[in-house]
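Step one of this worksheet: look at the structure below.
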Amino acid sequence: MRLPHPRRAALWAFFLLGLSVAGVSHAACESGLAERMHAKLHPKRQLDERLAACKVWPAFPGRSIVVLPMPRETTDRGAKVFDLEILLIQRPDNGNTERDTVIGRLVQPEALDEDATTSIQDIRIDTSRYVLSPEARAFGLRVRYKGSNGPGSLLASETVRLYVHHGKQLRQVLQEIELDHDHGGWDSTCTGHFEKLRTMLSVGKGSSNGFADLQLSRTLLQSRAQEQEDQGCIEKALPPKFNTVTLRYDGERFKVPKSLQQQIP
């Protein structure tokens with residue numbers, strides 16, 4: 001794309017930098033674990049192998065997490081909907097794949113979707129230290145999106161959701177929320193804006209209904225560009241905004257304010 005103004009070129013280069021990371025597909029399924037589980041559990045369903053994800057869970061020896069994204073048919077042009085099956089697999093020490101055992105699973109119909117303006121770049125499994133109680137350790141599912149709202153508009157976004165394992169079941173305890181985003185928009189000359197949000201998710205010191213609180217430390221950076229007479233295109237960085245949000249468990253899941261719920265334009 002030819003960008004006639006240096007400011008637009010800078011925005012585009014920054015945006016591409018973010019997407020170059022977001023576009024790296026998860027390589028941990030090279031062992032064929034996702035394909036084997038899919039063939040065993042859903043032989044009549046299509047698997048989107050590009051988005052399938054696998055990862056060893058270091059906190060539990062021999063345990064792996066597998067995510068199977070299975071597209072559904074849709075009548076909406078340019079749209080795609082995915083069912084997700086999330087599996088917790090116990091693998092034998094001798095490497096015999098025939099003895100891989102499913103010890104937890106969760107099917108989530110229509111869990112993800114794409115449309116004509118927004119696409120899913122990748123799905124990654126997050127095994128950070130989310131210790132919610134002495135008996136419960138969560139893992140995350142991160143989804144990266146990219147898109148555009150029209151000419152001169154760009155978007156990159158990353159979301160997360162959390163799951164815990166109880167008995168033979170997996171349970172989602174945090175709905176999909178947006179952690180990071182890069183938004184940019186400008187006209188055909190100079191006037192434009194750019195916004196970058198970065199969020200650190202961690203386990204807080206307090207607790208509610210038996211689970212530790214979650215803490216979101218958020219930083220928002222914004223800038224504006226505008227053509228000014230005799231000065232050319234002037235960029236102005238706005239003061240950064242910082243805030244911390246605490247999410248508390250209500251006995252079923254963490255309560256999320258509407259302002260933090262996934263909002264992919």
Side-chain angles (χ1 to χ4, degrees), residues 14-26 28 51 53 55 57 65 67 69 82 84 86 108 111-115 117-132 137-149 153-164 170-185 193-206 208 211-223 238 240-250 253-265:
F14 185 85
F15 188 81
L16 279 184
L17 178 63
L19 290 187
S20 67
V21 176
V24 176
S25 61
H26 203 292
L51 296 178
K55 188 174 184 180
W57 199 350
I65 303 162
V67 179
F82 296 89
L84 288 183
I86 303 167
Q108 296 189 294
L112 295 173
D113 62 83
E114 299 179 330
D115 58 29
T117 62
T118 306
S119 62
I120 298 170
Q121 289 299 99
D122 70 0
I123 297 173
R124 295 176 298 122
I125 297 164
D126 180 359
T127 55
S128 301
R129 198 172 182 271
Y130 300 124
V131 180
L132 303 180
R137 183 170 186 141
F139 65 87
L141 199 63
R142 292 183 178 241
V143 181
R144 290 181 176 180
Y145 300 85
K146 76 169 183 178
S148 172
N149 288 331
S153 173
L154 296 170
L155 159 71
S157 179
E158 178 170 316
T159 67
V160 70
R161 55 185 87 185
L162 294 183
Y163 301 84
V164 295
L170 289 175
R171 185 164 63 86
Q172 184 174 344
V173 293
L174 176 66
Q175 69 186 77
E176 186 174 27
I177 62 171
E178 186 176 65
L179 291 183
D180 301 340
H181 71 230
D182 295 279
H183 293 175
H193 68 276
F194 195 76
E195 179 175 287
K196 178 196 294 186
L197 172 70
R198 294 294 181 265
T199 305
M200 178 71 70
L201 171 63
S202 60
V203 176
K205 295 182 179 180
S208 307
F211 274 8
D213 298 336
L214 295 176
Q215 184 169 293
L216 303 173
S217 301
R218 296 157 60 84
T219 302
L220 182 65
L221 302 175
Q222 297 172 300
S223 64
L238 303 181
K241 298 178 181 179
F242 307 95
N243 75 314
T244 300
V245 180
T246 299
L247 305 181
R248 294 181 172 84
Y249 187 67
D250 67 1
R253 61 179 57 202
F254 288 91
K255 298 291 287 183
V256 177
K258 289 185 177 180
S259 60
L260 296 183
Q261 294 175 16
Q262 181 209 19
Q263 296 181 19
I264 306 298

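The basis for the numbers below is simple: all heavy atoms, side chains too, and nothing from hydrogens, waters or symmetry mates.
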If I compare all heavy atoms of [X] with all of [Y], which pair ends up nearest, and what's the gap?
{"X": "Tyr145", "Y": "Glu176", "value": "OH-OE2, 2.9 Å"}
{"X": "Val203", "Y": "Arg129", "value": "CG2-O, 3.9 Å"}
{"X": "His183", "Y": "Phe194", "value": "O-CD1, 3.1 Å"}
{"X": "Ala212", "Y": "Val131", "value": "CB-O, 4.1 Å"}
{"X": "Gln172", "Y": "Leu174", "value": "NE2-O, 3.0 Å"}

Decide yes or no on side-chain contact (heavy atoms from CB on, under 4.5 Å) for Gln175 and Arg253, but give the supporting numbers first.
-> CA-CA 8 Å; Gln175 69 186 77; Arg253 61 179 57 202; 4.2 Å; yes
Which residues pass the side chain to side chain donor-acceptor pair (under 3.5 Å) test with [X], not counting sequence neighbours?
{"X": "Glu195", "answer": "His181, Gln222"}
{"X": "Asp126", "answer": "Ser128, Tyr130, Arg142"}
{"X": "Ser208", "answer": "Asp213"}

Taking atom types as modelled, find out whether Lys55 and Thr127 have a side-chain donor-acceptor pair closer than 3.5 angstrom.
->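 A donor-acceptor contact under 3.5 Å links the two side chains.
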Is there a donor-acceptor pair under 3.5 Å between the side chain of [X] and the backbone N or O of [Y]?
{"X": "Asp182", "Y": "Ser157", "answer": "no"}
{"X": "Thr159", "Y": "Glu178", "answer": "no"}
{"X": "Glu114", "Y": "Ile120", "answer": "yes"}

So, do [X] and [Y] sit near enough that their side-chain heavy atoms are less than 4.5 Å apart?
{"X": "Val67", "Y": "Ile125", "value": "yes"}
{"X": "Leu162", "Y": "Leu214", "value": "yes"}
{"X": "Arg198", "Y": "Glu158", "value": "no"}

Which is it for Leu112 and Ile123 under the side-chain contact (heavy atoms from CB on, under 4.5 Å) test, yes or no, and what are the steps along the way?
-> CA-CA 10 Å; Leu112 295 173; Ile123 297 173; 3.7 Å; yes
Rounded to the nearest 0.5 Å, how far does [atom2] of [Y] lie from [atom1] of [X]?
{"X": "Leu197", "Y": "Thr199", "atom1": "CG", "atom2": "OG1", "value": "4.0 Å"}
{"X": "Leu155", "Y": "Thr118", "atom1": "CG", "atom2": "OG1", "value": "5.5 Å"}
{"X": "Leu141", "Y": "Leu84", "atom1": "CG", "atom2": "CG", "value": "6.5 Å"}
{"X": "Phe254", "Y": "Arg248", "atom1": "CZ", "atom2": "CZ", "value": "11.0 Å"}

Test log, rule side-chain contact (heavy atoms from CB on, under 4.5 Å), inputs Ser223 and His193 | CA-CA 6 Å; Ser223 64; His193 68 276; over 6 Å; no
Derivation and outcome, side-chain contact (heavy atoms from CB on, under 4.5 Å), residues Leu51 and Phe82 = CA-CA 10 Å; Leu51 296 178; Phe82 296 89; 3.9 Å; yes
In terms of ring plane angle, is the pair Tyr163 and Phe139 parallel, tilted or perpendicular, where the classes change at 30° and 60°?
->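 If you compare the ring of Tyr163 with that of Phe139, the planes turn out parallel.
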Residues that Phe211 engages under ring pair (Phe, Tyr, Trp, His ring centres under 6.0 Å), provided they are two or more places apart |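 Only Tyr249 meet the ring pair (Phe, Tyr, Trp, His ring centres under 6.0 Å) criterion with Phe211.
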Does Ser217 have any side-chain contact (heavy atoms from CB on, under 4.5 Å) partners at least two apart in sequence or in another chain, and if so, which?
->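 Partners of Ser217 by the side-chain contact (heavy atoms from CB on, under 4.5 Å) criterion, ordered by chain and then number, come out as Met200, Gln215, Thr244.
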Only counting residues at least two apart or in another chain, list the ones meeting side-chain contact (heavy atoms from CB on, under 4.5 Å) with Val245.
->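 Here the qualifying residues are Leu216, Arg218, Asn243, Leu247, Leu260.
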